[in-house]
Amino acid sequence: MKVLDQGLNPLFMDPDPDKARDFFRTKTRAMIDKRMTEKEVVEKFIPDGCYLGIGGFGANRIPTAVIHEILRARRKNMGFLGHTSTHDFELLCAGKCFNRLDAAYIVGLEARGLSPNARRYIESGEVKVCEWTNYALAARMRAAAEGVPFAIVRCMLGTDTLKMSGAKVVECPFTGKKVAAVPALWPDVAVIHVHEADMYGNSVFKGISVADMELARASKHLIITAEKLVTNATIRANPTATSIPFYLVDAVVEIPYGSYPGNMPYLYFSDEEHLAQWMKVEKDPTEFEKFLDHYIYSVSCFEEYLERCGGLKKLKQLQQLENLVEK
Amino acid sequence: MKVLDQGLNPLFMDPDPDKARDFFRTKTRAMIDKRMTEKEVVEKFIPDGCYLGIGGFGANRIPTAVIHEILRARRKNMGFLGHTSTHDFELLCAGKCFNRLDAAYIVGLEARGLSPNARRYIESGEVKVCEWTNYALAARMRAAAEGVPFAIVRCMLGTDTLKMSGAKVVECPFTGKKVAAVPALWPDVAVIHVHEADMYGNSVFKGISVADMELARASKHLIITAEKLVTNATIRANPTATSIPFYLVDAVVEIPYGSYPGNMPYLYFSDEEHLAQWMKVEKDPTEFEKFLDHYIYSVSCFEEYLERCGGLKKLKQLQQLENLVEK
Amino acid sequence: MADFNTMEMMICLASRYLEDGKTVAVGTGAPCAAAMLAQKAHSPNLVILFEAGGISPLLPQMPISVGDSRTFFRAVMAAGMNEMMTTCARGLVDYAFLGGAQIDKFGNINSTIVGDYYKPKVRFPGSGGANDFASFCWRTMIMTVHSKSRFVGKCDFITSPGFLTGAGAREAAGLPEGGPYKIITDLAVMGFDEKTRAMMVESLHPGVELDKVKAETGFDLVVPKQVGRTQPPTDEELRILREDVDPLKLVIGRA
Amino acid sequence: MADFNTMEMMICLASRYLEDGKTVAVGTGAPCAAAMLAQKAHSPNLVILFEAGGISPLLPQMPISVGDSRTFFRAVMAAGMNEMMTTCARGLVDYAFLGGAQIDKFGNINSTIVGDYYKPKVRFPGSGGANDFASFCWRTMIMTVHSKSRFVGKCDFITSPGFLTGAGAREAAGLPEGGPYKIITDLAVMGFDEKTRAMMVESLHPGVELDKVKAETGFDLVVPKQVGRTQPPTDEELRILREDVDPLKLVIGRA
């Protein structure tokens with residue numbers, strides 16, 4: 001396949017589908033009890049240096065508890081899939097957990113502004129960055145999910161985004177048109193927060209899927225955190241609603257309010273005060289250290305973090321906000 | 001893109017995504033009342049010579065009423081997307097409606113055997129056939145839905161199926177491996193039967209989606225037949241369940257029992273007696289002519305066809321079969 | 001020894017190759033019966049998949065279509081063809097059953113036409129999902145009647161890949177690792193030679209001699225020094241098959 | 001003439017370009033406000049889409065994230081990013097709003113870095129979905145403050161494509177037809193010259209003279225013989241914007 005142009009930045013992961021097949025061949029398909037704690041999943045599936053993907057959309061339906069545990073476990077030298085990442089990215093930068101980054105959306109928190117600490121971390125040069133777009137990264141995951149070495153897209157063309165990516169420009173064998181080929185991406189591990197799951201990993205999320213259908217299928221290991229566990233009979237009663245089948249899943253962690261301070265559709269809205277507090281305190285590295293110690297490093301479990309953020313009273317307010325209850 | 005090998009058969013549709021974009025640019029996005037009768041949709045959207053795709057899986061969740069209307073309208077010289085097609089294919093062969101065929105699964109009715117008349121029609125040489133596989137055709141629709149000229153797959157390689165297809169073998173620019181490129185396929189029109197739709201075309205089907213998500217998005221025109229119409233508020237009450245958004249849809253036809261004699265998940269099972277009758281009577285062309293006249297050509301509407309097949313009594317039996325009610 | 005027909009025997013033999021904790025893509029009929037028997041007899045954690053989207057259903061009865069509502073009755077997920085085929089493509093599906101009108105010594109299968117392609121004697125359905133399964137799944141199996149007209153020196157049309165022209169040919173064509181595993185007929189069980197990838201007799205069914213198998217095969221079979229004897233269906237296998245899997249004899253009534 | 005701030009003016013002007021029966025991909029803030037205003041003022045059939053999957057919601061308030069639950073509140077479908085971006089790619093999305101730190105004369109946008117790529121002065125979020133929208137959608141628009149530091153002769157980094165190097169450049173690069181449509185600032189409305197694809201002044205806001213616009217622009221603008229005067233926001237537009245679209249002044253309170 002004749003390459004007309006290509007990005008200058010390196011690929012962090014091997015796009016060979018046969019190597020991925022060799023891994024998936026050995027992955028168990030047995031429908032067994034996969035319940036674990038966040039400590040256990042980080043210990044078992046998220047080692048130093050692994051390449052991580054996070055589900056949801058930055059501060060919406062994110063697996064906060066597992067990310068906190070990654071910081072507490074002092075994970076380093078990881079690769080990260082910077083796709084629609086906002087507060088999740090802010091957290092991993094706070095822990096300086098990764099040094100390789102596929103970047104589509106980073107350092108920002110959308111309308112909330114840019115994270116001062118995330119900017120410092122990325123501008124420091126400590127992190128190798130490869131540029132992509134939201135769709136290009138979704139397409140890379142989709143190619144992996146399809147078991148092929150690359151996907152064809154018509155974005156990135158003609159820009160520095162392509163120049164600083166790992167994509168290649170090739171000619172369509174049917175139309176002769178220039179298209180972009182983006183390499184398949186199989187993360188070592190992904191963590192996705194859902195509304196319901198059974199102990200085997202059959203999972204249901206409600207509302208938008210973002211890129212989680214692709215991420216769940218591309219990742220070699222998959223950790224599910226769920227607002228609540230349900231019976232297998234509940235899952236089987238409505239198979240049309242299932243988002244992720246059990247054989248993709250390695251571990252299931254039950255964590256009510258698990259997306260806090262992010263939004264969880266139909267359950268609770270994001271805690272904008274707490275997120276604003278992050279942005280504010282990040283400006284002063286010393287203050288930020290204390291802040292992190294208080295909210296993450298000195299905390300023993302996610303429930304304790306929730307307590308320090310206002311506990312049930314705060315969560316009730318967020319539930320009312322989400323459900324548009326009149327004051 | 002260097003082509004290492006390629007199929008000998010012609011493409012029936014243009015894989016140029018920019019021509020498809022020019023069409024979709026002009027398609028209305030207004031959320032307006034799109035209700036029509038099966039007569040009106042065939043008149044308006046399914047002319048002689050157009051390229052047709054049918055949703056569902058052969059004798060499961062198929063838009064029988066519209067296919068019957070295509071026969072009654074004596075449509076000819078159509079192209080057909082022969083993907084998991086069984087009774088739908090049997091019907092279109094009975095009407096000799098098409099002369100171009102992309103074939104993945106044709107002439108058979110799975111465990112029920114081969115259709116004698118469909119075999120005669122295809123073996124007659126009247127129809128140009130291009131070979132594919134179920135997944136290759138699904139991938140061709142997916143590429144069209146993605147707005148790219150082709151998709152990458154790892155099936156078909158090394159076989160006569162590829163030799164008699166329109167696929168090309170190319171080299172992966174990342175791994176150097178041989179992969180198959182299959183051209184995007186934008187059918188002129190598709191007809192999909194669903195459980196519920198609103199008058200604007202927002203549609204919900206339950207159970208397996210087969211390739212209907214891809215077909216609905218690839219087709220230039222889309223006809224929805226629905227077991228029942230629901231309000232827009234009903235659709236908006238659970239947007240996670242929506243399968244097809246209104247702006248893809250050109251017409252909505254409400255047809256209870258619309259998949260008969262096929263299976264409609266959760267509502268009624270397939271009428272195996274009637275399907276067996278088809279296979280039996282097809283053996284004798286003269287008998288078959290009478291049969292077709294009785295069940296299709298002399299019938300004024302779908303309800304009349306249902307009556308001739310046993311009416312409400314038969315439909316109640318099929319409902320009990322579907323719901324596994326003990327005799 | 002229990003009394004059984006050839007369909008019952010082929011189903012029982014096939015079920016023995018389906019290991020616990022593995023995934024199998026099945027069609028209607030005998031393959032589905034073999035998978036259901038395996039689940040009930042020795043592989044409770046065998047995961048049954050249907051190409052149209054049904055994932056691990058609690059099958060209430062034999063499906064008549066791989067897309068009918070039985071294939072996702074109380075399933076853990078009702079997905080689509082794209083989901084199932086890509087699950088196979090990335091290496092998560094261990095076994096698939098195939099069928100066809102012709103099979104050659106390298107396990108290539110013809111389910112498209114008999115005769116000349118442009119003037120066929122018989123047109124069959126074509127690939128359906130067979131080529132996809134044969135390309136993607138780790139181990140494919142076939143249950144078929146053993147006759148010279150099916151076991152041919154050369155397929156009129158290769159619809160689905162076996163080992164193509166032999167050792168190394170799949171890799172050279174760009175296909176993933178995988179290929180034919182067992183061919184189960186009314187006369188014998190055959191596998192494939194590790195080196196040449198040619199079809200090899202593994203065991204002869206009770207009362208069947210090697211010459212009979214050779215006589216019904218249109219190419220030279222590899223014959224190892226020791227050809228085993230097929231262990232016939234056990235009473236327990238037959239009981240489960242007849243009472244729990246196919247009480248209406250939809251499949252086992254055919255032979 | 002009614003009293004209004006620059007944010008209110010830009011939103012009102014942008015909303016006028018959103019025709020009825022079209023589709024628009026929006027982000028948070030001003031673009032969302034412009035789309036909501038258009039729906040309420042003159043384009044009831046304007047379809048609002050969010051890149052993370054929200055399709056035509058009944059927005060109860062301004063979203064704070066393009067992926068928060070407001071973006072699919074009573075939507076007709078809660079889809080995913082793949083669905084939205086491919087819908088753009090096949091030509092079903094008419095308008096998209098973009099933003100950035102720098103824009104050049106051909107409407108190319110920088111939202112990645114200011115300074116040297118490997119030693120940036122400032123790292124911004126990067127493309128997000130901007131490059132995708134700029135590649136796929138028929139007409140892209142920008143609302144921004146007008147200053148020399150934003151309207152630059154050369155972007156430090158081209159994150160998202162405008163017309164690249166001018167006429168014919170998108171086609172040569174393999175991009176679909178499309179590109180920048182209107183640039184709306186606090187000083188003027190600009191479009192693009194049909195022939196050269198270079199940025200062209202279309203109308204000056206009340207009280208703004210051409211020299212001021214030129215002084216705040218780091219490249220030569222195309223100036224047609226007749227430069228129009230921007231019609232300021234009407235009382236009705238302002239009423240709807242302030243009462244129905246953004247009563248909490250989350251967006252219009254910023255300027």
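All chains are named by letter (A, B, ...) in the order of the sequence lines, taking the proteins before the strands, and each is independently numbered beginning at 1. Note that the coordinates shown come from a computational prediction; the quantities given were computed from them, not determined experimentally. FYI, side chains are in, hydrogens and waters are out, and symmetry mates aren't considered; it's all heavy atoms of this structure.
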*Asks:* Can a salt bridge be assigned to the pair Asp5(B) and Lys178(B) using a cut-off of 4.0 Å between side-chain N and carboxylate O?
*Replies:* no

*Asks:* Mind listing the side-chain donor-acceptor pairs of residues 92-101 of chain C below 3.5 Å, one per line with the distance, residues two or more places apart or on another chain?
*Replies:*
from, atom 1, to, atom 2, distance (Å)
Asp94(C), OD1, Arg29(A), NH2, 3.2
Asp94(C), OD2, Arg29(A), NE, 2.8
Asp94(C), OD2, Thr23(C), N, 2.8
Asp94(C), OD2, Thr23(C), OG1, 3.0
Tyr95(C), OH, Tyr17(C), O, 3.2
Tyr95(C), OH, Glu19(C), N, 3.3

*Asks:* With chain B as the partner, which of Ser135(C), Gly126(C), Gly80(C), Ser65(C) has the greatest number of non-hydrogen pairs under 4.5 Å?
*Replies:* Ser65(C)

*Asks:* Please determine whether a side-chain nitrogen of the Lys or Arg among Glu131(B) and Lys163(B) lies less than 4.0 Å from a carboxylate oxygen of the Asp or Glu.
*Replies:* no

*Asks:* Specify which of Met84(C), Met62(C), Glu171(C), Met85(C) makes the most heavy-atom pairs with chain B at under 4.5 Å.
*Replies:* Met85(C)

*Asks:* Give, as side chain, backbone, both or neither, the part of Thr28(C) having an atom under 4.5 angstrom from any heavy atom of chain B.
*Replies:* side chain

*Asks:* Does any heavy atom of chain C fall under 4.5 Å from the side chain of Thr84(B), the backbone, both, or neither of them?
*Replies:* side chain

*Asks:* Less than 4.0 Å between a side-chain N and a carboxylate O, is that true for Asp212(B) and Arg61(B)?
*Replies:* yes

*Asks:* Considering only heavy atoms, which portion of Arg119(B) lies under 4.5 Å from any heavy atom of chain C: side chain, backbone, both, or neither?
*Replies:* side chain

*Asks:* With chain B as the partner, which of Ile55(C), Val122(C), Asn108(C) has the greatest number of non-hydrogen pairs under 4.5 Å?
*Replies:* Val122(C)

*Asks:* Quick check for you: among Ile106(B), Thr161(B), Leu162(B), Leu324(B), which has the greatest number of heavy-atom pairs under 4.5 Å with chain C?
*Replies:* Ile106(B)

*Asks:* For the candidates Glu272(B), Met164(B), Met264(B), Lys206(B), which exhibits the highest count of non-hydrogen atom pairs separated by less than 4.5 Å from chain C?
*Replies:* Met164(B)

*Asks:* Which bit of Glu51(C) comes within less than 4.5 Å of chain B, counting heavy atoms only: side chain, backbone, both or neither?
*Replies:* side chain

*Asks:* What part of Ala136(B) gets within 4.5 angstrom of chain C, counting heavy atoms only: side chain, backbone, both, or neither?
*Replies:* backbone

*Asks:* Take Thr86(C) and Arg142(B) through the side-chain contact (heavy atoms from CB on, under 4.5 Å) test and state the conclusion after the steps.
*Replies:* CA-CA 12 Å; Thr86(C) 56; Arg142(B) 195 180 60 216; 4.3 Å; yes

*Asks:* Between Asn117(B) and Glu90(B), does the side-chain hydrogen bond (donor to acceptor under 3.5 Å, both in side chains) criterion hold? Intermediate values first, please.
*Replies:* CA-CA 7 Å; Asn117(B) 180 69; Glu90(B) 190 176 26; over 6 Å; no

*Asks:* Tell me, for Tyr117(C) versus chain B, whether the close heavy atoms (under 4.5 Å) come from the side chain, the backbone, both or neither.
*Replies:* side chain

*Asks:* Using non-hydrogen atoms and a 4.5 Å limit, figure out which bit of Thr165(C) sits close to chain B: side chain, backbone, both or neither.
*Replies:* neither

*Asks:* Against chain C, label Phe269(B) side chain, backbone, both or neither, depending on which of its atoms sit under 4.5 Å from a heavy atom there.
*Replies:* side chain

*Asks:* Do Arg140(B) and Val182(B) touch side chain to side chain, with heavy atoms closer than 4.5 Å?
*Replies:* yes

*Asks:* Using heavy-atom distances under 4.5 Å, tell me whether Phe124(C) contacts chain B through its side chain, its backbone, both, or neither.
*Replies:* both

*Asks:* Heavy-atom pairs under 4.5 Å with chain B: which of Ala173(C), Ser127(C), Pro125(C), Ala78(C) has the most?
*Replies:* Pro125(C)

*Asks:* Taking atom NZ as the centre, does Lys316(B) end up with more than 12 heavy-atom neighbours from other residues, nucleotides or ligands that are less than 6.0 angstrom away?
*Replies:* no

*Asks:* Tell me, for Leu164(C) versus chain B, whether the close heavy atoms (under 4.5 Å) come from the side chain, the backbone, both or neither.
*Replies:* side chain

*Asks:* Name the region of Asp160(B), side chain, backbone, both or neither, that has any atom closer than 4.5 Å to a heavy atom of chain C.
*Replies:* both

*Asks:* Taking side chain as everything from C-beta outward and backbone as N, CA, C, O, which of these in Val129(B) sits under 4.5 Å from a heavy atom of chain C? Side chain, backbone, both or neither.
*Replies:* both

*Asks:* Which region of Ala79(C), side chain (C-beta onward) or backbone (N, CA, C, O), has a non-hydrogen atom less than 4.5 Å from a non-hydrogen atom of chain B, or is it both or neither?
*Replies:* backbone

*Asks:* Parallel, tilted or perpendicular: which fits the ring planes of Phe89(B) and Phe98(B), with parallel below 30° and perpendicular above 60°?
*Replies:* tilted

*Asks:* Who among Gly53(C), Ser111(C), Ala89(C), Ser69(C) has the most heavy-atom pairs with chain B under 4.5 Å?
*Replies:* Ser69(C)

*Asks:* Assess the residue pair Tyr268(B) and Tyr257(B) against the criterion (ring-ring contact (aromatic ring centres under 6.0 Å, His included)); give the C-alpha distance rounded to whole Å, side-chain angles, the decisive distance to 0.1 Å, and a yes or no.
*Replies:* CA-CA 8 Å; Tyr268(B) 46 92; Tyr257(B) 305 104; 5.6 Å; yes

*Asks:* For Phe192(C) and Phe163(C), take the angle between the two ring planes, folded into 0 to 90°, and tell me which bin it lands in: parallel under 30, tilted 30 to 60, perpendicular over 60.
*Replies:* perpendicular

*Asks:* Using a cut-off of 6.0 Å, state whether more than 12 heavy atoms not belonging to Arg74(C) lie near its atom CZ.
*Replies:* no

*Asks:* Could you walk me through whether Tyr105(B) and Asn134(B) pass the side-chain hydrogen bond (donor to acceptor under 3.5 Å, both in side chains) test, one step at a time?
*Replies:* CA-CA 7 Å; Tyr105(B) 184 94; Asn134(B) 277 352; over 6 Å; no

*Asks:* What part of Pro161(C) gets within 4.5 angstrom of chain B, counting heavy atoms only: side chain, backbone, both, or neither?
*Replies:* both

*Asks:* Looking at chain C, which one of Ser115(B), Ala139(B), Cys155(B) has the largest number of heavy-atom pairs inside 4.5 Å, strictly under?
*Replies:* Cys155(B)

*Asks:* Thinking salt bridges, do Glu8(C) and Arg242(C) make one under a 4.0 Å N-O criterion?
*Replies:* yes

*Asks:* Is it true that atom CD of Gln61(C) has more than 12 heavy atoms of other residues, nucleotides or ligands lying nearer than 6.0 Å?
*Replies:* yes

*Asks:* For Phe136(C), is it the side chain, the backbone, both or neither that has a heavy atom under 4.5 Å from a heavy atom of chain B?
*Replies:* side chain

*Asks:* Could you tell me which portion of Arg170(C) (side chain, backbone, both or neither) has an atom closer than 4.5 angstrom to a non-hydrogen atom of chain B?
*Replies:* neither

*Asks:* Where does Ala130(C) contact chain B at under 4.5 Å (heavy atoms): side chain, backbone, both or neither?
*Replies:* neither

